[in-house]
Amino acid sequence: MRRSVAGRVVGCVVGAAELARRDIVRPRLAVWVGRAEIERGLLVGARIAAVERVGKQLIIVAEDGRGLGVHLGMTGQLLFDAAGGGAAGGGAGGVARVDRKHTHARWTMVRDDGVRGAGSVKGGVVGEMVFCDPRRFGKLRPLGDAAARAELAARLGPDALAVTGEQLHAALAKSQRAIKGALLDQRVLAGVGNIYADEALFAAGVNPRRLCVRLRRGEYDAIAAEVVAVMTAAISAGGSTLRDYVDADGKAGEFAARHRVYGRGGLACVVCGGTLNAGVVGQRTTVWCGVCQRVRGGVRAGEQGGGRKLRMGE
DNA sequence: CGTGGCCCCTGTGGGC
DNA sequence: TGCCCACAGGGGCCAC
């Protein structure tokens, strides 16, 4: 996602921006906040210097120091609609269509010809970046300066692409929570969600209901290594598209076809052939193999196989 | 403080 | 065909 957005907007100047729904901005906009302040928050007038990523959110960084955090939530999309017919996905990619009904913000990107300031931006329109999100769990977060960006990053745990067993062990060794829920906590580990938590725990052979305090150091090493491996493989495949996700070019990800447990409750384990369990752990639907992810010490007697109701896979 | 529960939203698919 | 319920890549807030 970061790469596709960067490829489209870095070097562009934000000529204009429009916020159709104020409630997607965090922190919440006070009622008296006006157009000028909103446009400042949406980087109007600035040249895009870079697109970074902090955990699950993108940070669009402007040359003047402003930043804008974009979190897609569950159904969000950040699409680039190129001017003059070359719409997002028009090339080798997908066929993404901008969902007008749920377009909550849009930015007009113009070519940066070096003429800036004085309120008017010269140069032709390159296209529009649009933020769509039917469920509106996604959010936009204006970040005034580098310090605000640093503050955001400081609230998050180590990044999923570089996490180590030592880091997880240090954060969780005394915790009474189930490991699954802990991996979803962005203060513990930044970037892993429900799909990849299940996939990484399966790959590591660790039962999602095990309590953190009972995990051995070697198990933290295995979990960290598998988090890195799963995330790396998923990114190479363009992510997991279940329904809505596409990159800025409208291209869907291919990793869902390679999920080994997520979405496969009730189906056969690809390793041992047993039936995969499905249940709720840490308030989220969780799928695991009771054989490959056996609880040795025991979570509690009788809970080894775990899952309550089995759901047929998609 | 750490945790679990509940809520926020809309769309979709299955069962009846 | 239509209605209702359950569920969905996330996270914030609250009470305990």
Side-chain angles (χ1 to χ4, degrees), chain A residues 1-2 20-28 53-58 69-78 97 99-104 131-141 152 155-157 160 170-201 208-213 227 230-231 233-235 237-247 251-266 278-287 299 307-314:
Chain A
M1 188 71 203
R2 187 196 67 76
R21 287 197 69 115
R22 298 166 60 109
D23 58 6
I24 60 164
V25 176
R26 285 297 127 90
R28 284 192 77 92
R53 178 185 63 80
V54 175
K56 292 179 181 177
Q57 46 196 312
L58 294 184
V70 181
H71 198 308
L72 297 183
M74 295 178 83
T75 56
Q77 297 178 330
L78 193 61
R97 216 185 242 143
D99 174 2
R100 293 178 187 285
K101 180 177 176 187
H102 300 294
T103 294
H104 309 310
F131 176 72
C132 310
D133 184 12
R135 289 183 76 179
R136 304 204 303 281
F137 286 163
K139 295 291 177 287
L140 301 180
R141 181 177 294 273
L152 180 69
R155 289 204 294 263
L156 301 175
L172 300 174
K174 294 178 181 169
S175 170
Q176 299 287 334
R177 315 158 79 180
I179 182 63
K180 165 72 185 278
L183 294 180
L184 296 177
D185 185 339
Q186 303 298 296
R187 294 166 305 185
V188 171
L189 172 64
V192 166
N194 202 33
I195 294 175
Y196 302 118
D198 280 8
E199 294 297 319
L201 287 171
R209 304 170 117 183
R210 297 271 304 283
L211 299 186
C212 293
V213 71
V227 163
V230 165
M231 297 303 290
I235 289 168
S240 299
T241 296
L242 304 182
R243 165 174 273 115
D244 304 283
Y245 171 72
V246 288
D247 69 11
K251 193 167 147 229
E254 307 294 334
F255 196 70
R258 284 164 43 198
H259 292 166
R260 296 202 284 174
V261 285
Y262 180 85
R264 300 193 64 247
V280 175
V281 183
Q283 281 92 245
R284 309 298 294 277
T285 294
T286 300
V287 181
V299 171
R308 324 186 214 302
K309 49 195 170 181
L310 298 182
R311 298 183 318 140
M312 295 314 288
E314 51 211 28

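Letters go in sequence order (proteins before strands), and every chain restarts at 1.
- OP1 and OP2 of C:dG9 both lie 4.0 Å or more from every side-chain N or O belonging to A:T75.
- Rounded to a whole angstrom, the distance from the P atom of B:dC1 to that of C:dG11 is 22 Å.
- Summarising the geometry, the separation between CZ on A:R136 and P on C:dG11 is reported as 18 Å, rounded to the nearest angstrom.
- One finds no salt bridge joining A:D133 and A:K139 here, because no Lys/Arg side-chain nitrogen approaches an Asp/Glu carboxylate oxygen to under 4.0 Å.
- Looking at heavy-atom distances under 4.0 Å, A:K101 makes contact with sugar-phosphate atoms alone, never a base.
- Of the side-chain N and O atoms in A:H71, one or more sit less than 4.0 angstrom from OP1 or OP2 of C:dG11.
- With rounding to the nearest 0.5 Å, the separation of CG in A:L140 from CZ in A:R22 is 13.0 Å.
- Put simply, the side chain of A:R264 gets close to the backbone of A:R260: a donor and an acceptor are under 3.5 Å apart.
- Residue contacts for A:D244: at a heavy-atom cut-off of 4.0 Å it reaches a base atom on one of the strands shown.
- Between A:R187 and the phosphate of C:dG11, there is no side-chain N or O to OP1/OP2 separation shorter than 4.0 Å.
- Annotated as syn: C:dG9, whose glycosidic dihedral is within 90° of 0.
- When heavy atoms are screened at a 4.0 angstrom cut-off, A:K139 is found touching no nucleic acid atom at all.
- The nucleotide whose nearest atom lies closest to any side-chain atom of A:H102 is, among C:dG11, B:dG11, B:dC8, B:dG11.
- Atom CG of A:L72 is separated from atom C1' of C:dG10 by 11 Å (rounded to the nearest Å).
- If you take CZ of A:F137 and C1' of B:dC6, they are 12 Å apart, rounded to a whole angstrom.
- Contact annotation: the side chain of A:L242 approaches that of A:H259 to within less than 4.5 Å [non-hydrogen atoms, C-beta and beyond].
- Listed nucleotides B:dT3, B:dC9, C:dA8 differ in distance to A:T285; the shortest reach to its side chain belongs to C:dA8.
- Nucleotide B:dG15: paired with C:dC3 (Watson-Crick or G-U wobble, both distances less than 3.5 Å).
- Residue whose closest nucleotide on DNA chain B sits further toward the 5' end, between A:R21 and A:S175: A:S175.
- Summarising the geometry, atom OH belonging to A:Y262 is positioned 13.0 Å from atom CZ belonging to A:F255; distances are rounded to the nearest 0.5 Å.
- Proximity note for A:R243 (side chain, C-beta onward) versus C:dG10, B:dT12, B:dG4: the nearest is B:dT12.
- We find that CG of A:L211 is positioned 16 Å from P of B:dG2, with the value rounded to whole Å.
- For C:dG9, the OP1/OP2 oxygens have no side-chain nitrogen or oxygen of A:Y196 closer than 4.0 Å.
- Straight-line distance between the P atoms of B:dC9 and C:dC3: roughly 25 Å, to the nearest whole Å.
- Rounded to whole Å, the distance from CZ on A:R284 to P on B:dG4 is 15 Å.
- For the pair A:R135 and C:dG9, the criterion of a side-chain N or O lying under 4.0 Å from OP1 or OP2 is not met.
- Between A:Q57 atom CD and C:dG9 atom C1' there is a gap of 15 Å when expressed in whole angstrom units.
- Judged by distance alone, with hydrogens and angles left aside, the side-chain atoms of A:T241 form no donor-acceptor pair with the main-chain N or O of A:G239 at under 3.5 Å.
- Residue-environment remark: CZ (A:R187) stays at or below the threshold of 12 foreign heavy atoms within 6.0 Å.
- Checked against B:dG4, C:dG10, B:dG11, the side chain of A:P134 finds its nearest nucleotide in B:dG11.
- Distance A:D185 CG to B:dG4 C1': 12 Å, rounded to the nearest Å.
- Taking atom CG of A:L156 as the reference point, atom C1' of C:dG11 lies 12 Å away to the nearest angstrom.
- Pair assignment for B:dC9: none, as no Watson-Crick or G-U wobble contacts are both less than 3.5 Å.
- DNA chain C is contacted by both A:Y245 and A:Q283; A:Y245 maps to the nucleotide lying nearer its 5′ end (nearest heavy atom per residue).
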